[in-house]
Engineer: 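Below are the structure tokens for one structure; questions will follow.
Bear in mind the structure is a predicted one, so any value in this text is a computation, not a measurement. Numbers restart at 1 for each chain; the letters A, B, ... are given by sequence-line order, proteins then strands.
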Amino acid sequence: MERLEEVPLEVLRQRESKWLDMLNNWDKWMAKKHKKIRLRCQKGIPPSLRGRAWQYLSGGKVKLQQNPGKFDELDMSPGDPKWLDVIERDLHRQFPFHEMFVSRGGHGQQDLFRVLKAYTLYRPEEGYCQAQAPIAAVLLMHMPAEQAFWCLVQICEKYLPGYYSEKLEAIQLDGEILFSLLQKVSPVAHKHLSRQKIDPLLYMTEWFMCAFSRTLPWSSVLRVWDMFFCEGVKIIFRVGLVLLKHALGSPEKVKACQGQYETIERLRSLSPKIMQEAFLVQEGQLGGTCVTSFYT
Amino acid sequence: MAKAYDHLFKLLLIGDSGVGKTCLIIRFAEDNFNNTYISTIGIDFKIRTVDIEGKKIKLQVWDTAGQERFKTITTAYYRGAMGIILVYDITDEKSFENIQNWMKSIKENASAGVERLLLGNKCDMEAKRKVQKEQADKAFSSLARDILLKSGGRRSGNGNKPPSTDLKTCDKKNTNKCSLG
């Protein structure tokens with residue numbers, strides 16, 4: 001595990017009290033000072049309040065309030081064996097080295113099962129998609145099962161709609177969009193990937209469907225998720241573009257990737273420098289304009 | 001630049017979720033066995049170069065997510081494959097029954113005449129075996145004769161066979177055991 005980029009203790013305490021104030025007056029802040037919330041999410045949510053903040057930002061908290069007892073009801077229902085079988089195969093294959101998920105049948109894996117099963121009952125026509133498991137696992141590291149469930153609902157329906165659905169159409173479309181944005185952000189990388197006929201789905205499927213939770217160092221995952229919950233899918237695009245640009249964005253880098261395999265390898269084992277949280281946040285903002293203009 | 005190999009073969013691993021495709025590919029490409037894996041989301045590939053009768057054969061092995069809905073992404077890679085390895089778990093009958101469906105996917109998406117190999121994984125769990133070798137032989141010898149039923153079926157000449165002997169070595173090393181057929 002890499003070390004978190006240090007935030008001085010005093011700064012951290014200050015941020016905590018600012019976040020507490022925001023969370024206690026959430027509606028007012030959302031209505032009047034959304035820009036400020038965004039800025040504070042960019043700086044990173046204090047770890048002690050992250051789980052709560054994610055619930056507020058995603059609207060998972062409101063969903064839970066609107067549907068009291070719903071999760072318990074789903075939790076008590078048996079579930080379709082077709083989905084249970086696939087879910088069970090995946091329980092021990094999410095963050096297998098994380099303390100919470102390390103033991104078979106342990107609390108983490110049990111909760112993961114409950115959350116994923118509840119979703120298949122909540123949206124039977126959608127069922128379960130394997131990429132939902134890492135998402136739910138990250139949520140469970142920050143909140144109890146019921147809260148995690150409603151955040152998952154929000155991610156599947158509001159943040160990344162269609163990503164996990166039967167035909168996986170949305171992820172294929174976003175692959176194309178990412179690639180066309182890359183042309184503007186880094187023509188060199190774009191040309192290289194075109195020439196080698198590398199389908200975006202080959203490198204971006206896991207990045208996007210798991211919201212980088214399996215790709216980046218942990219402190220970066222959290223920073224990216226802080227911004228993602230505030231600003232939505234464009235953050236995922238920005239991070240994807242930063243990674244592509246800095247992995248393949250210069251003639252020398254491209255030259256080192258003679259074939260498809262070398263290119264894919266380069267994208268699978270990215271240089272730690274370009275995955276650092278500060279780098280991603282800074283570069284993402286600089287290169288963010290084209291993504292923002294695309295989405296608004 | 002001189003070519004580092006004489007032939008390039010593209011192979012594809014398919015089969016139900018959790019049968020051990022990723023484990024096999026890592027065992028094969030990196031000679032490494034590990035009990036801890038994460039589920040495959042999407043598609044991935046690994047390379048290994050082997051020497052067969054003095055020729056350098058570069059094998060590009062594609063790994064795929066097993067869940068049904070990922071087929072919309074993975075079937076695009078069937079066509080370029082020269083060999084497809086159908087993997088099931090010998091301790092899981094369902095994964096064996098589903099081989100029929102995977103065969104159908106091959107028929108619909110792969111090039112005609114693509115080489116196919118049936119592989120029963122997890123032979124180190126003999127006590128939990130649910131699919132007998134004879135069962136596999138029987139079910140598929142009538143269905144598809146060109147499926148390689150016997151191990152060690154390395155063919156001389158074009159080398160256009162999946163790396164059965166290499167897979168078989170897994171058995172000897174007592175790690176990622178697999179039976180052919």
Side-chain angles (χ1 to χ4, degrees), chain A residues 81-83 85-98 101-102 104 126-135 137 163-172 175 197-211 213-215 258-265 267-268, chain B residues 1-5 8-11 15-23 25-26 29-30 34-49 58-77 79-80 88-89 91-95 97-98 122:
Chain A
K82 170 178 80 173
W83 297 125
D85 181 54
V86 205
I87 294 173
E88 273 164 6
R89 283 163 200 272
D90 280 350
L91 297 176
H92 65 282
R93 300 195 290 170
Q94 316 305 328
F95 303 98
F97 299 107
H98 189 284
F101 298 100
V102 75
R104 288 233 184 185
E126 299 262 311
Y128 167 66
C129 172
Q130 289 195 290
Q132 287 172 318
I135 297 280
Y163 266 38
Y164 309 108
S165 311
E166 182 63 38
K167 298 283 177 206
L168 302 182
E169 278 158 350
I171 188 73
Q172 298 181 59
K197 296 193 177 65
I198 296 177
D199 188 328
L201 289 170
L202 214 45
Y203 50 85
M204 60 76 73
T205 306
E206 189 181 59
W207 287 2
F208 276 50
M209 291 187 97
C210 306
S213 61
R214 288 175 162 194
T215 310
Q258 295 257 327
Q260 261 195 0
Y261 180 71
E262 287 78 13
T263 304
I264 294 294
E265 262 307 294
L267 294 174
R268 291 255 184 275
Chain B
M1 207 177 83
K3 266 210 305 196
Y5 54 88
L8 170 70
F9 294 118
K10 293 182 184 177
L11 307 175
D16 278 9
S17 174
V19 297
K21 297 179 290 298
T22 305
C23 178
I25 205 173
I26 289 179
E30 294 169 11
N34 196 323
N35 254 326
T36 316
Y37 288 96
I38 56 173
S39 53
T40 304
I41 306 291
I43 189 152
D44 195 6
F45 72 86
K46 295 237 176 281
I47 295 266
R48 185 177 150 184
T49 308
K58 188 167 171 176
L59 296 162
Q60 192 182 67
V61 193
W62 293 76
D63 187 18
T64 57
Q67 195 186 9
E68 181 71 25
R69 66 184 59 182
F70 281 95
K71 276 188 183 172
T72 55
I73 289 176
T74 55
T75 48
Y77 294 87
R79 191 151 296 277
Y88 67 92
D89 171 354
T91 69
D92 175 11
E93 262 177 318
K94 192 81 196 296
S95 74
E97 284 163 19
N98 274 336
K122 308 194 187 175

Engineer: Test side-chain hydrogen bond (donor to acceptor under 3.5 Å, both in side chains) on Ser17(B) and Arg93(A) and set out the steps.
Structural biologist: CA-CA 11 Å; Ser17(B) 174; Arg93(A) 300 195 290 170; 3.0 Å; yes
Engineer: Which distance, rounded to the nearest 0.5 Å, do you find between the CZ of Phe45(B) and the CZ of Arg268(A)?
Structural biologist: 8.0 Å
Engineer: Using the test salt bridge (Lys or Arg N to Asp or Glu O under 4.0 Å), find all partners of Glu68(B) that sit at least two apart in sequence or belong to another chain.
Structural biologist: Lys71(B)
Engineer: Side chain, backbone, both or neither: which part of Asp44(B) has an atom under 4.5 Å from a heavy atom of chain A?
Structural biologist: both
Engineer: Which heavy atom of Pro96(A) sits nearest to which heavy atom of Tyr37(B), and what is that distance?
Structural biologist: CG-O, 4.2 Å
Engineer: Output yes when a side-chain donor or acceptor of Thr72(B) lies under 3.5 Å from a complementary backbone atom of Lys167(A), and no otherwise.
Structural biologist: yes
Engineer: Counting only non-hydrogen atoms closer than 4.5 Å, does Ile264(A) touch chain B with its backbone (N, CA, C, O), its side chain (CB onward), both, or neither?
Structural biologist: side chain
Engineer: Under 4.5 Å from any heavy atom of chain B, what part of Gln130(A) do you find: side chain, backbone, both or neither?
Structural biologist: both
Engineer: Identify which part of Tyr77(B) has an atom lying under 4.5 Å from any heavy atom of chain A, answering side chain, backbone, both or neither.
Structural biologist: side chain
Engineer: May I ask you to decide whether Arg89(A) forms a salt bridge with Asp92(B), counting only side-chain N to carboxylate O separations under 4.0 Å?
Structural biologist: yes
Engineer: Starting at CD1 of Ile38(B), measure out to CZ of Phe97(A) and round the result to the nearest 0.5 Å.
Structural biologist: 9.5 Å
Engineer: Quick one: closest heavy-atom pair of Gln94(A) and Ser39(B), and the distance?
Structural biologist: NE2-OG, 3.3 Å
Engineer: Does any non-hydrogen side-chain atom of Asp199(A) lie less than 4.5 Å from one of Ile43(B)?
Structural biologist: no
Engineer: Name the option with the most non-hydrogen atom pairs under 4.5 Å to chain A; the candidates are Thr40(B), Thr36(B), Ile47(B).
Structural biologist: Ile47(B)
Engineer: State, to 0.1 Å, how close Gly42(B) and Thr205(A) come at their nearest heavy-atom pair, and which atoms those are.
Structural biologist: CA-CG2, 4.0 Å
Engineer: For Glu206(A) and Ile41(B), indicate whether the former's side chain and the latter's backbone hold a donor-acceptor pair under 3.5 Å.
Structural biologist: no
Engineer: Supply the atom-to-atom distance Ile73(B) CD1 to Met209(A) CE, rounded to the nearest 0.5 angstrom.
Structural biologist: 6.0 Å
Engineer: Given heavy-atom pairs under 4.5 angstrom as the criterion, report whether the side chain, backbone, both or neither of Gln260(A) touches chain B.
Structural biologist: both
Engineer: Please tell me if the side chains of Gln67(B) and Tyr128(A) come closer than 4.5 Å, counting only heavy atoms from C-beta onward.
Structural biologist: yes
Engineer: Between the side chain of Arg69(B) and the main-chain N/O of Tyr164(A), is any donor-acceptor distance below 3.5 Å?
Structural biologist: yes
